2 protein chains.
Amino acid sequence: MNSTKETIKKAAINLFYKKSYFATAMSNIALDSSIRKASIYHHYASKEDILYDILMTTMKELTIYIETCLEGVENIENRMRAAVRAHVKFHCDRQKEVLISDSELRGLTANNYKSFVAQRDAYEKIFQDMIIQGMDQGYFAAGDAKVISYAILTMCTAVAHWFNPKGRLSGNQISNIYEELVVTRLLRESLPLHSFENSVLEEE
Amino acid sequence: MNSTKETIKKAAINLFYKKSYFATAMSNIALDSSIRKASIYHHYASKEDILYDILMTTMKELTIYIETCLEGVENIENRMRAAVRAHVKFHCDRQKEVLISDSELRGLTANNYKSFVAQRDAYEKIFQDMIIQGMDQGYFAAGDAKVISYAILTMCTAVAHWFNPKGRLSGNQISNIYEELVVTRLLRESLPLHSFENSVLEEE
DNA sequence: AAAAATCTACCGTACGGTAGGTAGGCATTT
DNA sequence: AAATGCCTACCTACCGTACGGTAGATTTTT
């Protein structure tokens with residue numbers, strides 16, 4: 001891709017992230033790209049076009065990334081582990097873009113909105129299918145598959161809201177923690193059926 | 001509170017929710033309130049002032065609600081259950097306001113931002129303290145308390161992103177599911193220590 | 001010399017907010 | 001009880017600014 005176009009896109013990502021889409025002016029993007037405002041229109045048809053490019057590209061890259069990470073992984077539990085790791089890692093590495101994807105959809109007009117949501121739904125279906133399959137086959141604890149899918153996906157997505165690249169934990173460390181949380185806690189039966197009940201944990 | 005002020009606030013909530021804060025014009029709010037634009041300034045000093053009112057009031061009401069729900073509940077597990085229930089219920093009942101609270105903070109100038117974040121941090125500390133206490137006393141499974149707090153809070157907060165008042169599940173039903181997910185899955189030891197290991201669940 | 005990339009200069013519009021006025025209710029003064 | 005002054009709540013009309021986008025000339029690259 002054209003390098004100027006990339007510069008514009010990166011400036012837009014930073015501004016949309018910091019100030020939001022509607023609070024960002026084309027002149028802001030131009031200034032941060034060291035270019036005149038009118039020149040942006042040589043690369044993008046409109047302001048919305050920049051937003052759409054950011055959203056769609058990010059969602060497609062996320063899908064490709066997760067598919068790559070799932071390649072060759074057989075066991076359903078391991079597939080789920082790989083998917084959670086990949087999702088969380090991506091949301092740490094691409095924090096700004098995914099936050100924009102999460103909160104600036106209202107900047108899209110009907111057609112663009114539709115195609116983005118279709119792309120996102122396809123992505124989320126990867127998780128939902130795995131969870132349903134794992135439950136059906138008895139590898140994951142039974143439960144409301146839809147709600148549990150939402151719970152897992154939103155929890156993993158929200159990492160982008162609090163992750164700090166300069167913080168105590170790296171993206172990889174957080175991925176590890178979430179992999180465990182999701183697979184060995186959220187999805188696995190708490191106790192081997194019928195034994196122990198709640199005995200150990202409910203004293204007092 | 002003055003009824004006109006409430007009308008303005010409600011119109012603003014709907015518009016900020018549907019179109020975002022920056023994409024909403026004072027004239028939009030005026031139109032939806034059946035009032036002239038200038039009259040809004042009799043009740044609110046500025047557009048930001050409306051946003052601040054919405055954000056701050058919602059966060060204070062959430063805090064009061066959760067404190068009420070925790071009153072008299074003794075056992076740490078039951079306290080956690082009550083807290084999760086309350087949080088999720090509030091996020092279903094007050095969907096629009098909490099979504100605004102989640103995504104429109106960039107509309108606040110420094111001072112307003114600071115006081116809102118202080119209020120929000122105080123609220124989140126209620127959860128964090130419970131989780132740390134539960135872990136220290138051995139009622140909850142050990143783990144990175146900070147990360148687990150974030151995981152739980154963001155997961156429960158995100159219910160507002162997908163909850164549909166006309167959908168299959170009511171706010172109460174979702175609260176029930178989340179209460180179980182958080183307390184008996186996320187926070188409870190998967191297996192009684194030292195026995196069983198992962199034997200039962202890792203066949204294949 | 002053609003094409004691509006960028007520029008200056010500008011357009012119409014809509015924004016947040018203000019100036020200043022009016023209508024009516026309700027005390028206080030005469 | 002009539003007149004006065006003040007207050008709340010709202011209005012019309014407007015201001016300065018900044019927005020997204022365009023026209024068309026100019027420069028740079030191929």
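Just so we're on the same page: letters track the sequence lines, and every chain starts at 1. The structure presented is a predicted model; accordingly, all values stated were derived computationally and were not measured.
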(message) Any donor-acceptor pair under 3.5 Å linking the side-chain atoms of A:Arg81 with those of A:Asn75?
(response)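 Distance-only check fails for A:Asn75 and A:Arg81.
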
(request) Look at the side chain of B:Ala38 and decide which nucleotide, out of C:dG16, C:dA9, D:dT12, has an atom nearest to it. (result)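 Among C:dG16, C:dA9, D:dT12, the one nearest the side chain of B:Ala38 is D:dT12.
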
(message) The side chain of A:Ser46 is closest to which nucleotide in this list: D:dG21, D:dT12, C:dC7?
(response)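 It is D:dG21.
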
Tell me the interatomic distance from [X], atom [atom1], to [N], atom [atom2], rounded to whole angstroms.
X       : N      : atom1 : atom2 : answer
A:Ile40 : D:dG20 : CD1   : P     : 9 Å
B:Asp49 : C:dT18 : CG    : P     : 12 Å
A:Ile29 : D:dC19 : CD1   : P     : 11 Å
A:Glu48 : D:dG20 : CD    : P     : 13 Å
B:Ile35 : D:dT12 : CD1   : P     : 11 Å
A:Phe22 : D:dG20 : CZ    : C1'   : 13 Å
B:Arg36 : D:dC11 : CZ    : P     : 5 Å
B:Ile8  : D:dA9  : CD1   : C1'   : 10 Å

(message) For a quick check of understanding: with a heavy-atom distance under 4.0 Å over all strands, which category does A:Thr24 fall into, base, sugar-phosphate or nothing?
(response)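 Result for A:Thr24 = sugar-phosphate.
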
(request) Just call it for B:Ala25: base, sugar-phosphate, or nothing, with non-hydrogen atoms closer than 4.0 Å on any strand. (result)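 Sugar-phosphate, no base atom in range.
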
Below 4.0 angstrom from OP1 or OP2 of [N], is there any side-chain N or O of [X]?
X       : N      : answer
A:Ser27 : D:dC19 : yes
A:Ser39 : C:dC7  : yes
A:His42 : C:dC7  : no
B:His43 : D:dC10 : yes

(message) Is the distance from the ring center of B:Tyr123 to that of B:His87 below 6.0 Å?
(response)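 Distance test on ring centres: under 6.0 Å, yes.
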
(message) What I want to find out is whether B:Arg168 reaches A:Asp144 closely enough, with some N-O distance under 4.0 Å, to be called a salt bridge.
(response)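 Here B:Arg168 pairs with A:Asp144 in a salt bridge, since their nearest N and O are under 4.0 Å apart.
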
(message) Any salt bridge linking A:Lys9 with A:Glu6? Criterion: basic side-chain nitrogen under 4.0 Å from a carboxylate oxygen.
(response)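 Salt bridge absent between A:Lys9 and A:Glu6.
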
(message) Given the structure, check if the side chain of B:Lys37 and the base of C:dG16 hold any donor-acceptor pair shorter than 3.5 Å.
(response)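 Counting by modelled atom types and ignoring angles, a donor-acceptor contact under 3.5 Å is found here.
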
(message) Test side-chain hydrogen bond (donor to acceptor under 3.5 Å, both in side chains) on A:Ser115 and A:Tyr52; report intermediate values, then the result.
(response) CA-CA 10 Å; A:Ser115 31; A:Tyr52 183 70; 3.1 Å; yes

